[in-house]
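What you see below is based on every heavy atom in this structure, not just the backbone, and it leaves out hydrogens, waters and symmetry mates. The structure presented is a predicted model; accordingly, all values stated were derived computationally and were not measured.
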Amino acid sequence: MITNRKVRLLAFLAFVLIIALTSCSDANGGASNAEVRVVGTAEASEARALSGSAKFASGNVYLNSEDITSRLKPADASVMSGNDVEFEADVTVPSQIVTYSVSPKRGFVFDEWEITRSSFRELRNNPEWRNILKEIQEAISKDGQEIAINAEYIRYIRPTFERGVYYLHGHKNGDGTADNPYGSIEEVKEFIQSYGRDYDDDELTIKMRGGNADSFDISGLSFFGNDVDEIELKIIGGYDSSWNLSEEKTVFSGITFPSFGAVEEIELELRNIMIESFDYSEIAEDLEIDFKNCAVGTLKGASGKVLNAIAVENAEGSSITFVNSVAPYAKGNTYFHSLVKTASQADDVEGKNNIIIGSAAALDTDNLYLESWSESGYMTDDPDLIVQIINASPLHEDMVINGMDDDILEEDIEGRERYLIEDGERPSERDIKVSYGPYEYQYFDD
């Protein structure tokens with residue numbers, strides 16, 4: 001027979017056990033809800049046909065090494081197939097800091113951890129949004145296929161997948177996957193041909209390791225077919241053996257650009273690429289090139305052209321307009337949001353919102369004048385210098401640069417958003433400042 005005393009003792013021990021378990025759970029961070037949102041290709045599945053949904057076809061997604069791919073469902077339940085489809089799943093995880101990783105299937109590459117504009121707007125409602133955003137940016141800064149992140153912040157980022165292949169120059173017997181990349185552009189062509197029309201309406205991405213890739217000839221990509229109105233090709237380099245972004249760009253001694261004949265529009269994006277010798281005059285009129293964090297050793301044939309988001313060592317030609325770039329000073333050239341080096345005649349620099357190296361005297365408020373620049377690239381971590389840099393007046397959205405509209409002014413050298421003054425708005429009304437130079441240190445969301 002159990003006495004009242006024993007009952008009270010058992011109850012007390014149970015209470016102590018509950019407290020102990022709760023304390024242990026709290027010490028480990030407790031349970032968190034990870035709101036997973038992924039963007040990729042939706043593929044119709046017979047097993048899911050009755051539910052009117054589709055399966056995620058671009059790869060596998062993991063939380064704390066658990067494969068949650070089968071739990072992903074299209075955010076729009078009516079979607080059966082298609083590209084750039086958002087999938088979602090709410091997953092309970094045992095701790096706040098989790099590993100979040102992706103593994104693309106053959107024929108797909110992981111593109112980036114995207115912070116959407118809706119996420120920016122949602123973040124702004126949190127008083128600690130700047131600290132949260134900084135923590136997110138640090139987690140995804142290497143663009144790696146595995147990150148460690150607070151589970152509560154997963155809702156703000158989207159791992160995005162594109163159709164494409166991985167590439168390591170000279171690699172043998174590859175299959176185009178991250179674990180076994182292709183080693184020649186001919187292999188890339190053959191692979192895409194085997195997929196027929198799958199790439200006709202999609203953006204094809206070639207993701208490359210850092211290091212020397214020799215001369216890169218993509219002139220023979222006509223296999224897309226003459227019935228395609230628009231082609232988007234993205235070549236992104238600078239990754240290490242684990243496909244984390246490194247400081248080392250992928251180096252081409254030269255690049256031969258495509259010409260597709262009957263295709264009405266070709267869009268080519270180069271990201272984290274170094275071209276030792278680049279003749280701008282070889283670019284066909286129907287080829288639109290978007291550079292992000294690219295570099296050029298010797299630039300030729302660019303007289304009268306507008307160049308955006310390129311770090312140039314030597315530039316041949318005259319009347320060149322550099323935007324969001326790093327370039328040597330030359331009389332007759334114009335610079336906007338650029339890092340202008342060796343400007344011995346700083347008072348002759350045409351343009352606005354530049355960081356001009358070579359003069360300690362501030363000649364005007366249109367630019368930031370510095371005697372020297374100790375950084376190896378276009379960015380600095382010096383908080384005192386950043387305070388000076390983030391004090392530029394924004395340019396106007398209707399500003400036209402040598403025939404080009406404001407599109408190239410809306411982003412910095414890495415594609416991050418930069419604020420522009422809108423029609424009818426007075427700059428003094430909101431007192432918004434942007435950064436001098438090519439890199440935007442502040443965060444904006446339009």
Evaluation steps, side chain to side chain donor-acceptor pair (under 3.5 Å), between E375 and T380: CA-CA 6 Å; E375 311 295 339; T380 180; 2.8 Å; yes

Does one side chain, of [X] or [Y], offer a donor that lies under 3.5 Å from an acceptor on the other?
X: D67; Y: N60; answer: yes
X: S435; Y: E440; answer: yes
X: S242; Y: N244; answer: no

Flag side-chain contact, heavy atom, 4.5 Å: [X] against [Y]:
X: M208; Y: N272; result: no
X: T298; Y: E316; result: yes
X: V323; Y: V306; result: yes
X: R130; Y: E135; result: no
X: K352; Y: L395; result: yes
X: T41; Y: F108; result: yes
X: L307; Y: I320; result: yes
X: L385; Y: L370; result: yes

Full working for side chain to side chain contact (heavy atoms under 4.5 Å, CB included) between L204 and E232: CA-CA 6 Å; L204 170 66; E232 297 181 17; over 6 Å; no

If only atom types and distance count, is the side chain of [X] paired as donor or acceptor with the main-chain N or O of [Y] below 3.5 Å?
X: S303; Y: S318; answer: yes
X: N354; Y: H337; answer: yes
X: E187; Y: S184; answer: yes
X: T250; Y: I273; answer: no
X: R416; Y: Y443; answer: no
X: N324; Y: I408; answer: yes
X: S338; Y: S325; answer: yes
X: Q442; Y: K433; answer: yes

Smallest separation among heavy atoms of [X] and [Y], with atom names:
X: N180; Y: K172; result: OD1-O, 4.2 Å
X: A89; Y: L72; result: CB-CD2, 3.9 Å
X: T116; Y: R158; result: CG2-CG, 3.8 Å
X: F444; Y: I432; result: CE2-CG2, 3.7 Å
X: T342; Y: Y329; result: O-CB, 3.7 Å
X: A42; Y: F87; result: CB-CZ, 3.6 Å

Check ion pair [X]-[Y] (N to O, under 4.0 angstrom):
X: R271; Y: E269; value: yes
X: E248; Y: R209; value: no
X: R37; Y: D90; value: yes
X: K292; Y: E414; value: no

Check against ring-ring contact (aromatic ring centres under 6.0 Å, His included), Y100 and W113: CA-CA 11 Å; Y100 190 9; W113 299 95; 4.9 Å; yes

Identified side chain to side chain contact (heavy atoms under 4.5 Å, CB included) partner of R418 from the options V434, L409, N353: V434

Side chain to side chain contact (heavy atoms under 4.5 Å, CB included) evaluation trace for L270 with I236: CA-CA 6 Å; L270 297 179; I236 54 178; over 6 Å; no

Any chance the rings of [X] and [Y] have centres within less than 6.0 Å?
X: W373; Y: Y378; result: no
X: Y436; Y: Y369; result: no
X: Y335; Y: F322; result: yes
X: F110; Y: W243; result: no

Stacked cation flag K207 on Y239, 6.0 angstrom / 45 deg: yes

Candidate pair N33 and T92, rule side chain to side chain donor-acceptor pair (under 3.5 Å), full reasoning: CA-CA 5 Å; N33 182 48; T92 301; 4.6 Å; no

Aromatic plane relationship, F216 with Y167 - under 30° parallel, 30 to 60° tilted, over 60° perpendicular: perpendicular

Ring geometry between Y156 and Y153 (parallel below 30°, tilted from 30 to 60°, perpendicular above 60°): tilted

